Amino acid sequence: MSKLAGIAEDRVLERILDSADELGLGDTLHRALEGRASARDIVELYGAPAPLLGAVARRVTDLLTGRRVGYIVNMIMNYTNICVVGCTFCSFYRKPKHPEAYKLEAREAAAQVVEAWRKYRIRQVLFQGGVDPAIPIEYYEEAFRAIKAETRGEVAIHGLSVVEIEWLSKVSRMSVGEVVERLRDAGMDSVPGAGAEILSDRVRRIISPLKSSADTWIRTMETIMEKGLPISATMVYGHVETLDERAEHLLKLLELQRRKGRIMAFIAWNFEPENNELGRKIPYPAGGTELLKTVAIARIVFRGEIRWIQAGWLTAGVKLGQATLEYGANDWGGTLYGEKVLPEAGVPLPKLVRRSIERLIWEAGYEPVERDNWYRPVSPSG
């Protein structure tokens, strides 16, 4: 029935699917759990009762990783807010020469990462900012090499986004592959999924018209994975996209994983409308049920092919983040010291450290497990 070991014989899941038959959803769920979901199937699942989706998704996750929920001690290095791409959903960016624009020098950015490593023993930095064409590739090489040298290689560098890499390729007059090789050799360990938003050209023309097409995003990620780097995959929902476009987005990610096999995790974020242009057209964020359904559907569709589903608490809040664990999520994400993007969108962030994250996971009925950048469990002192 599925590539998941033991799922075909799982009695609990069989009983859940029997109840789904009474709602006319049994065949749809069977196709999804067999890895054969169509876009129409996924749209149908969005119309299913949330508790049913949660029960199926949670059981699949139980078979995959049990009741263990990962988390990482990390920081965000938003090295600049200068950006010429001008996405309508972004509250963080400032145009060049704007009075609020800033750019850290490479050594300063590295020094802040090193300080967080010394103070908090972070294991990862998400190194990501805006697209400033005045920043050359040497900037990143200097920062990455300094981070690796001064932390004895203990901090993994998760960065840059696809759009940053594509712009570096243009301004450096190098292929994407050459850019990735240089960044990898300087210390970049993996690439976040930012810039995917919704992999629909119709949507992208509305919310981020200067970004590359959906197919180009996928080709860039393929190149990154061909150079040996793993990635994460994301989806920003709750704006101008349709359910069909959400479905196509999930299927495109699944197809990418089947071709290259280096997607470590999937993270869904709801669009935050405060302080940005798109928010004037879409003034209210999507509700919690949308997040719960999206997390559950992602688990059902990806099954074990994309093993880790993050809780998405950053935009939704920690209580809803806890609820996503019941809907198939098995990773909390990170401590995110230094995050600047979401506060610009009016999202208050709690200060989370190891103990508070572990408490939140225990309170939800799960076992917290500290992990590294590659989703491998680590000992607290290791």
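Model, not experiment: these values are computed from the prediction. Below, all heavy atoms of this structure are taken into account, side chains as well, without hydrogens, waters or symmetry copies.
Around the CZ atom of R355, the shell of radius 6.0 Å holds no more than 12 heavy atoms that belong to other residues, nucleotides or ligands. For CD of E115, the number of neighbouring non-hydrogen atoms (other residues, nucleotides, ligands) closer than 6.0 Å is 12 at most. For R40, the CZ atom is loosely surrounded, since the number of other residues' heavy atoms within 6.0 Å does not exceed 12.
In this structure, the side chain of N270 does not engage the main chain of P285 through any donor-acceptor pair within 3.5 Å. Here the side chain of T80 pairs a donor or acceptor atom with the backbone of I82 at under 3.5 angstrom. A donor-acceptor pair under 3.5 Å is absent between the side-chain atoms of D189 and the main chain of R184, judged by distance alone.
Residues V155 and Q124 fail the side-chain proximity criterion, which asks for heavy atoms closer than 4.5 Å. Looking only at side-chain heavy atoms (C-beta outward), E367 and W362 come within less than 4.5 Å of each other. Within the 4.5 Å cutoff, no side-chain heavy atoms of F266 are placed close to those of T234. When side chains are defined from C-beta on, Y71 counts as touching E370, because their heavy atoms get closer than 4.5 Å. Between H158 and N373 the shortest side-chain heavy-atom distance falls below 4.5 Å.
Because its NZ or CZ atom is both nearer than 6.0 Å to the ring centre of Y366 and within 45° of the ring axis, R67 counts as a cation-pi partner of that residue. Taking the ring centre of Y102 as origin, the terminal cationic atom of R94 falls outside the region bounded by 6.0 Å and 45° from the ring axis. In this structure, R219 fails the cation-pi test against W217, since its NZ or CZ atom is not both closer than 6.0 Å to the six-membered ring centre and inside 45 degrees of the ring normal.
Expressed to the nearest 0.5 Å, how far CZ of R58 lies from CG of L13 amounts to 13.0 Å. Here the straight-line distance linking atom NZ of K260 with atom CD of E226 works out to 3.5 Å at 0.5 Å rounding. Between the CD1 atom of I76 and the OG1 atom of T335 there is a distance of 8.0 Å, given to the nearest 0.5 Å.
Between W332 and Q310, the side chains place no donor N or O within less than 3.5 Å of an acceptor N or O (distance only, hydrogens not considered). Side-chain contact, T28 with E44: a donor N or O sits under 3.5 Å from an acceptor N or O. Under 3.5 Å, the side chains of T223 and T220 contain no donor-acceptor pair of N or O atoms. Between the side chains of S169 and E166, no donor-acceptor pair is found at a separation under 3.5 Å. Counting only N and O atoms by type, the side chains of T61 and Y327 include no donor and acceptor under 3.5 Å apart. With 3.5 Å as the limit, one finds no donor-acceptor pair spanning the side chains of E105 and Y79.
Ring planes of F127 and Y140: perpendicular class, angle over 60° (limits at 30 and 60°).
Cluster membership check: L29 shares its hydrophobic cluster with L251, using side-chain heavy-atom separations under 4.5 Å among Ile, Leu, Val, Met, Phe, Trp and Tyr.
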